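The structure appears right after this line, and notes come after that.
Chain A is the first sequence line, chain B the second, and so forth, proteins listed ahead of strands; every chain is numbered from 1. Remember, predicted model here, so these are calculated numbers, not experimental data.
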Amino acid sequence: MQRMSNLFLRTLRDDPSDAEVQSHRLLVRAGYIRRAAPGGFSWLPLGYEVFRNVERIVREEMNAAGFQEVHFPALLPIEPYQATNRYEEYGPNLFRLQDRHGADFLLAPTHEEMFTLTVKDLYSSYRDLPLVIYQIQTKFRDEARPRAGLLRTREFSMKDSYSFDLDDAGLQASYDAHRAAYIKLFERLELPYVIVSALSGAMGGSASEEFLAPLPVGEDTFIRCTSCDYAANVEAVHTPVPEPRSLDGLPAAMVHDTPKTPTIATLVACVNSDPALRHPDRDWTAADTLKNVVVNIKHPDGTVEPLAVGIEGHREVDMKRLGAQVEPAEVEPFSEDDFKQHPSLKKGYIGPGVLGTNNESGIRYLLDPRIVDGTQWITGADQYNQHVLHLTAGRDFVADGTIEAAEVLDGDTCPNCGSDVEIARGIEIGHIFQLGTKYAEALELTVRDENDQPITPTMGSYGVGVSRCLAAIAEATLDDSGLCWPREIAPADLHVIIAGKDGSPQVAAADELTASLEAAGLRVLLDDRSKASLGVKFKDAELIGVPTIVVVGRGIANDDNPTIEVKDRKTGEREDIALDSIVEHLVSICRP
RNA sequence: CGGGGUGUAGCGCAGCUUGGUUAGCGCGCCUGCUUUGGGAGCAGGAGGCCGGGAGUUCGAAUCUCCCCACCCCGACCA
């Protein structure tokens, strides 16, 4: 039992000024956490209780799946990370430090290297595999911008597991086992989730899916179908490619003067207002135009190559999608100086006529996949103040290939079923990766097969953000009055409020009730504060968010039929329960 | 790293434009009395390097410069 009269807790009446997102505000106001460092939080008793509950559930589900728990240091030497090149690839997000001898160390952002090395250390036979081991550990990442309370911190708790298999089928089985375990886990946490296909990014490897909690405060943008269950990270969305159209009978391309139209908006206004250029049946829209955007692609070896991307005029280039397509190269803006280097590019009037490796600019030209043969476009004529109408793909121009770099819009076509997709935001709560042999090869992990030949195991890695999950659960369940935890996560099963003065019968009754409830195996938070007014106790109970609130008050003074009030935090429904059946009643609520 | 905003008591804020008593207010905290079914009342009290440093000035929370921290947007990001 926890008595609030001596609980290390101070609830706040006002919102902390530095907290913007709801979960952050309420976790601070309810006395669960305190900011202690940039991107770092201290856990207070109630918060740590909830944290341990989330951690326990994660652990139980991992163990239930047959995975074995280990624990590694967070402070690590850099050599293994140099061997996989991640010491460089992680860049400024890696915390680096030196010991007293000047030797380099890092604070681990994730542990692929150490798990791989430990397997190498202990195992050497195919008979030992498959293997899945995991840990729940504090991770460190020097985030450029910690934000949103517990949702993005520089020090956070994460469950990370690693699978080691002999072949692709084994990896797929380990991956599927994690996927299934995560589904059970998030359902037990009562955390809504969407599984989206993702790109593996800097982790290397092939297949990868993210578990997102679909909440507006999430930082990840994803696409989901309004009809089927398709969902994907915005970087990983595939654009359905329309069928090519016939070139027969299409009007010829014509160059027209379109003065002062360097932007899509001015161009559309111009062609709609010029009687010679108007569409016979309707207004032209930005979607009738072909926008050509030039960027620089910086390769890992330092060389820079210009790249032109052709997309529908009503879309922007999505830098995340483009970046994911050209990885590991990086995208940089095309500067005024760059334009001077390429005089054939008339800024604001760039068209396919000069783009492409075989044309005047020599710049590689990639098209959005929707721009199939037979589609007609209004686009730049490569002379200032001129555009060309009816320029037809496959007839008047051919690009060097296609690229998925256009922004995804609400109402785009689902690649799975053809219905509309919508854009949503989510908090990344889990991520599963098929890594392949990148780490095993770099660290020379091999085992002997049945013919005594060395083979390289194939790996997967799988993460769940424990502290982030806690924040996501708070975010998903809170209401205007405060937090509202699922029972298994909550810091207690019951929040018992004494509505009576010191020495009143309510105090004795509450003490007796609490003892009985504890004997029945329920976790009780008892508000026995004598100085706090009843209003404060009610407000604090709702703020703290224990799922069931029990009020020992005037009802017990009824000699004929003494009662105790039971209130459901989420619904607000209250009910007076006879004193002689209260324990049984509460057990049935808490342990259905 | 770019843009914007904010730093004054444990928390939330006013004061700064136009420099000038002892830097205020609400909540919280301490003492006493009253109160007890929805953030109680009265009375008394404690608590401030006004983010840090340098400068201007007879005098700086207030003006100038530099730095730091935090929040938001973007870049970044398993």
Is there a side-chain contact between A:L151 and A:R147 in this structure, where contact means two heavy atoms from C-beta onward sitting under 4.5 Å apart? no
Where along residues 214-224 of chain A does a heavy atom come under 4.0 Å from RNA chain B, residue by residue in number order? none
Does CD in A:E79 sit with more than 12 non-hydrogen atoms of other residues, nucleotides or ligands closer than 6.0 Å? yes
Is the number of heavy atoms from other residues, nucleotides or ligands under 6.0 Å of A:E219 CD greater than 12? yes
Nearest whole angstrom, please: distance from the C1' of B:C11 to the NE2 of A:H24. 13 Å
d(CZ, A:R147; C1', B:C71) in whole Å: 11 Å
Where does the angle between the aromatic ring planes of [X] and [Y] fall among parallel (under 30°), tilted (30 to 60°) and perpendicular (over 60°)?
X	Y	result
A:H178	A:Y462	parallel
A:Y193	A:F186	tilted
A:H431	A:F433	parallel

Rounding to the closest angstrom, what is the interatomic distance between [N] and [M] at atom [atom1]?
N	M	atom1	value
B:G10	B:G51	P	13 Å
B:C25	B:C68	C1'	29 Å
B:U62	B:G55	C1'	15 Å
B:G12	B:C72	P	15 Å
B:A54	B:G59	P	15 Å
B:G41	B:U36	P	14 Å
B:U57	B:G48	C1'	24 Å
B:U64	B:G26	P	32 Å

When we call it a touch if two heavy atoms are under 4.0 Å apart, what does A:R141 touch: a base, just sugar-phosphate, or nothing? base
Would A:E55 and A:K159 pass as an ion pair if we require N to O under 4.0 Å? no
Phosphate-side-chain proximity, A:R152 and B:C76, N/O vs OP1/OP2 below 4.0 Å: no
Between A:S17 and B:C11, is there a contact of a side-chain N or O with OP1 or OP2 at under 4.0 Å? no
Taking the six-membered ring for Trp and the full ring for Phe, Tyr or His, determine whether the centres of A:F67 and A:Y134 are under 6.0 Å apart. no
Taking the six-membered ring for Trp, are A:F72 and A:F115 closer than 6.0 Å centroid to centroid? yes
In sequence, state the C-alpha distance, the side-chain angles, and the governing distance for A:Q172 and A:D168, and then conclude on side-chain hydrogen bond (donor to acceptor under 3.5 Å, both in side chains). CA-CA 6 Å; A:Q172 187 65 46; A:D168 289 347; over 6 Å; no
Between B:C70, B:C11, B:C29, spot the one nearest the side chain of A:D14, thanks. B:C11
By nearest-heavy-atom nucleotide on RNA chain B, the more 5' of A:V21 and A:P16 is A:P16
Go along nucleotides 32-42 of chain B 5' to 3' and tag each nucleotide: B for a protein heavy atom under 4.0 Å from its base, S when only backbone or sugar atoms are that close, - otherwise. ----SBBBS--
